[in-house]
Amino acid sequence: MAQITKDSIIGDILDLDSTTAQYFLEMGMHCLGCPSARGESIEQACMVHGVDADDLVAKLNEHISK
């Protein structure tokens, strides 16, 4: 995955790099193993959890670029 976007699927991101789970847990998304959570886009999850999607995308991209 070259670049994470708001349309990226959470399960795909976790499969790419499981250490990104910390960012989802920080936003209150503690159900990462749930099939519906793994199938959500970042934008969908952020709307449900009241988190800024652009901020999360930036953190994730910074993390995977290290």
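All residue numbers in this chain count up from 1 along the given sequence.
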What distance do Cys34 atom SG and Glu40 atom CD have between them, rounded to the nearest 0.5 Å?
-> 8.0 Å
First locate atom OG of Ser41, then atom CE of Met47, and finally report the distance between them rounded to the nearest 0.5 Å.
-> 7.5 Å
Point-to-point distance, once rounded to the nearest 0.5 Å, from CD1 of Ile13 to OH of Tyr23 | 12.5 Å
Hey, does Lys6 have a side-chain heavy atom less than 4.5 Å from the side chain of Gln44?
-> no
If you round to the nearest 0.5 Å, how far is CD1 of Ile10 from CE of Met29?
-> 3.5 Å
Pairwise distance CG(Leu16) to CD1(Ile9) - rounded to 0.5 angstrom | 14.0 Å
Which of these passes side chain to side chain contact (heavy atoms under 4.5 Å, CB included) with Cys46: Asp55, Val51, Asp52, Val57?
-> Val51
Do you know which of Leu32, Leu56, Ile64 makes side chain to side chain contact (heavy atoms under 4.5 Å, CB included) with Thr20?
-> Ile64
Identify whether Leu25 and Ile42 are in the same connected component of the hydrophobic contact network (ILVMFWY, side-chain heavy atoms under 4.5 Å).
-> yes
Cationic N near anionic O, under 4.0 Å, Asp15 to Arg38 | yes
Separation of His30 NE2 from His49 NE2 (nearest 0.5 Å) | 8.5 Å
So, does Asn61 use its side chain to make a donor-acceptor pair with the main chain of Gln3 at under 3.5 Å?
-> no
When you look at Thr19 and Asp17, which way does the side-chain hydrogen bond (donor to acceptor under 3.5 Å, both in side chains) test go after all the steps?
-> CA-CA 5 Å; Thr19 66; Asp17 183 346; 2.4 Å; yes
If we only count heavy atoms from C-beta on, is the Lys66 to Glu62 side-chain gap below 4.5 Å?
-> yes
